[in-house]
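Below: the structure, in structure tokens.
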Amino acid sequence: MRSLIDIVDFSTEEIFELLETACDISENPQKYADRCKGKTLATLFYEPSTRTRLSFEAAMLELGGNVLGFSDAGSSSASKGESIADTAKMISCYANIMAMRHPKEGAPYVAAKSASIPVINAGDGGHCHPTQTLADLLTIYRELGRLDHLTVGCCGDLKYGRTVHSLLSAMGRYENVKVVLISPEELRLPKYVRYEVLDKYNMEYEETTSLEEAMPKLDVLYMTRIQRERFDSFDEYERLKDSYVLDVEKMKLAKPEMRVLHPLPRVNEISVKVDADPRAAYFRQALNGKLMRMALILKLLKEAGEGLQMTEPANTVTNTLFCDNPRCITSCEQELDHVFKCVEPTQGIYRCVYCESKKKMN
């Protein structure tokens, strides 16, 4: 079935349809109260989550459906060594749609290849988080009334921050969106994201280490936490964790209409005193996440009923190149084919379909 693995799986027209549906759900909740009666969502969460998992469950319940699943890999057959593919096939017998979060990049894609029901990527390692991006887009749309002609600042962990990578992939398709990348040198946006997103969409962008200098320019400030779980070195995390703290004084530098977003949870990167500022939109953003997941579940179930299929990546090679990224799903599921897609034909550059790691064909 057609699934949502990456935000670019959906066109801007499809995203706008989701925005309209989510807004209608907000205004007319009773209209949707039984839309998923008799349907079941499976939530497969192999790493900790509160907001994402609960928002998926709340979304399905408010649509009149049922929920089953697990919130800890230790309570699943993964602890016995069951593969992602086998789990997906098994869950397809019990549910109509599934949402998966996994620490290994590419795991939801593997599930989607094996399942006979739609699969939603609820976050895969440091790769991408498309449903969070849908929440982000709805928040920007509802708060500012547009998704184009904006200057968006992304602050914090831009290296491992999958929410940032997904947001940039989405915003790049809208007209006249400028980006300010605010991070320590060690956590700068990966080169592949710059090339395949910023350069691909010809987005104007600048990089800085100063949040104060960026603030007056921004229409949207997207704050992120420094994620302990993505670091191999605890010492490096300790050194970088307090790089940016948004407080009341810094908010004085911002435009009156600027909005602050954060995928949550926060640690200490946003002072609780900022919560009282009407420009702080991150808790409204959490509500928007539920609304967009409701709209997404409806869309994918409808398409499943119509028999729509996943689109396979073009220009791929199989088991010719091999991924050596330790965070890739191929690092722990040994029987997976190593599949790479050609992204720069003239240079012979390929990327892993699971995790986007780059290789050059000799």
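With Arg266 contributing its side chain and Asn268 its backbone, the two residues share no donor-acceptor pair below 3.5 Å. Judged by distance alone, with hydrogens and angles left aside, the side-chain atoms of Ser3 form a donor-acceptor pair with the main-chain N or O of Val119 at under 3.5 Å. A distance-only check finds a donor-acceptor pair linking the side chain of Thr224 to the backbone of Cys155 [under 3.5 Å]. Checking side-chain atoms of Asn96 against main-chain N and O of Thr40 turns up a donor-acceptor pair under 3.5 Å. Not a single donor-acceptor pair under 3.5 Å links the side chain of Asp219 to the backbone N or O of Met258. In terms of modelled atom types and a separation under 3.5 Å, the side chain of Glu333 and the main chain of Ser331 share no donor-acceptor contact. In this structure, Asp157 contributes its side chain and Lys159 its backbone to a donor-acceptor pair below 3.5 Å. No side-chain donor-acceptor contact under 3.5 Å links Ser166 to the backbone of Thr163.
We find the NZ-CG distance between Lys39 and Leu63 to be 12.5 Å, quoted to the nearest 0.5 Å. The distance from atom CG of Leu321 to atom CG of Asn319, rounded to the nearest 0.5 Å, is 10.0 Å. Ile7 contributes atom CD1, which lies 12.0 Å from atom CG of Leu168 (distance to the nearest 0.5 angstrom). Atom CG in Leu300 sits 5.0 Å away from atom CZ in Phe10 (nearest 0.5 Å). Once rounded to the nearest 0.5 Å, the distance linking CG of Leu158 with CG of Leu181 reads 6.0 Å. To the nearest 0.5 angstrom, Cys23 atom SG is 8.0 Å from Asn288 atom CG.
For the pair Val152 and Leu218, the minimum side-chain heavy-atom distance is 4.5 Å or more. For the pair Met1/Gln309, a side-chain contact is recorded, criterion being any heavy-atom separation below 4.5 Å from C-beta on. Put simply, the side chain of Cys352 does not reach to within 4.5 Å of the side chain of Lys358, judged on heavy atoms. Side chains of Leu336 and Val110 form a contact here, defined as non-hydrogen atoms less than 4.5 Å apart. Using a 4.5 Å cut-off on side-chain heavy atoms (C-beta onward), Cys355 and His127 make no contact. For the pair Glu175/His149, a side-chain contact is recorded, criterion being any heavy-atom separation below 4.5 Å from C-beta on. Using a 4.5 Å heavy-atom threshold, the side chains of Tyr244 and Thr209 count as touching. Residues Val260 and Tyr222 fail the side-chain proximity criterion, which asks for heavy atoms closer than 4.5 Å.
A salt bridge links Glu312 and Lys113; the closest N-O separation between the charged side-chain nitrogens and carboxylate oxygens is under 4.0 Å. Taking 4.0 Å as the cut-off between side-chain N and carboxylate O, Glu143 and Arg284 count as a salt-bridged pair. Salt-bridge annotation for Glu14 and Arg2: present, with a side-chain N of the basic residue lying under 4.0 Å from a carboxylate O of the acidic one. The existence of a salt bridge linking Glu207 and Arg188 is confirmed by a sub-4.0 Å separation between a basic side-chain nitrogen and an acidic carboxylate oxygen. Salt-bridge formation is not detected for the pair Glu269/Arg225: no Lys NZ or Arg NE/NH1/NH2 atom is positioned less than 4.0 Å from an Asp or Glu carboxylate oxygen. Arg162 and Glu105 are not joined by a salt bridge, as no carboxylate oxygen comes within less than 4.0 angstrom of a charged side-chain nitrogen.
Residues Tyr46 and Phe70 place their aromatic rings such that the two centres sit under 6.0 Å apart.
Ile329 and Val317 sit in two unconnected hydrophobic clusters of ILVMFWY residues. Membership requires side-chain heavy atoms under 4.5 Å apart, directly or through other members. Both Val8 and Phe16 belong to a single network of hydrophobic side chains, linked directly or stepwise wherever heavy atoms of I, L, V, M, F, W or Y lie under 4.5 Å apart.
For the side-chain contact (heavy atoms from CB on, under 4.5 Å) with Met294, the qualifying choice from Ile25, Thr21, Leu18 is Ile25, the only one to do so. None of Lys31, Lys290, Lys37 except one satisfies the salt bridge (charged side-chain N to carboxylate O under 4.0 Å, His left out) rule with Glu62; the exception is Lys290.
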Can I get a per-line list of side-chain donor-acceptor pairs under 3.5 Å for residues 341-351, giving both atom names and the distance, sequence neighbours left out?
residue	atom	partner	partner atom	Å
Lys341	NZ	Glu356	OE2	3.4
Arg351	NE	Glu196	OE2	2.4
Arg351	NH1	Glu356	O	2.7

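Within a 6.0 Å radius of NZ in Lys273, no more than 12 heavy atoms belonging to other residues, nucleotides or ligands are found.
Closest non-hydrogen pair, Asn66 versus Met60, comes out as O-CG, 3.4 Å.
The cationic group of Arg101 does not satisfy the cation-pi geometry with Phe45, failing either the under 6.0 Å distance to the six-membered ring centre or the 45° limit from the ring axis. Cation-pi geometry between Arg35 and Tyr32 is met: under 6.0 angstrom from the ring centre, within 45 degrees of the axis.
When only modelled atom types and interatomic distance are considered, Asp124 and Tyr354 share no side-chain donor-acceptor pair under 3.5 Å. Asn121 and Tyr109 form no side-chain donor-acceptor contact under 3.5 Å, judged by distance and modelled atom types alone.
Applying the ring pair (Phe, Tyr, Trp, His ring centres under 6.0 Å) rule to pairs touching residues 301-322 yields Phe322-His338, sequence neighbours excluded.
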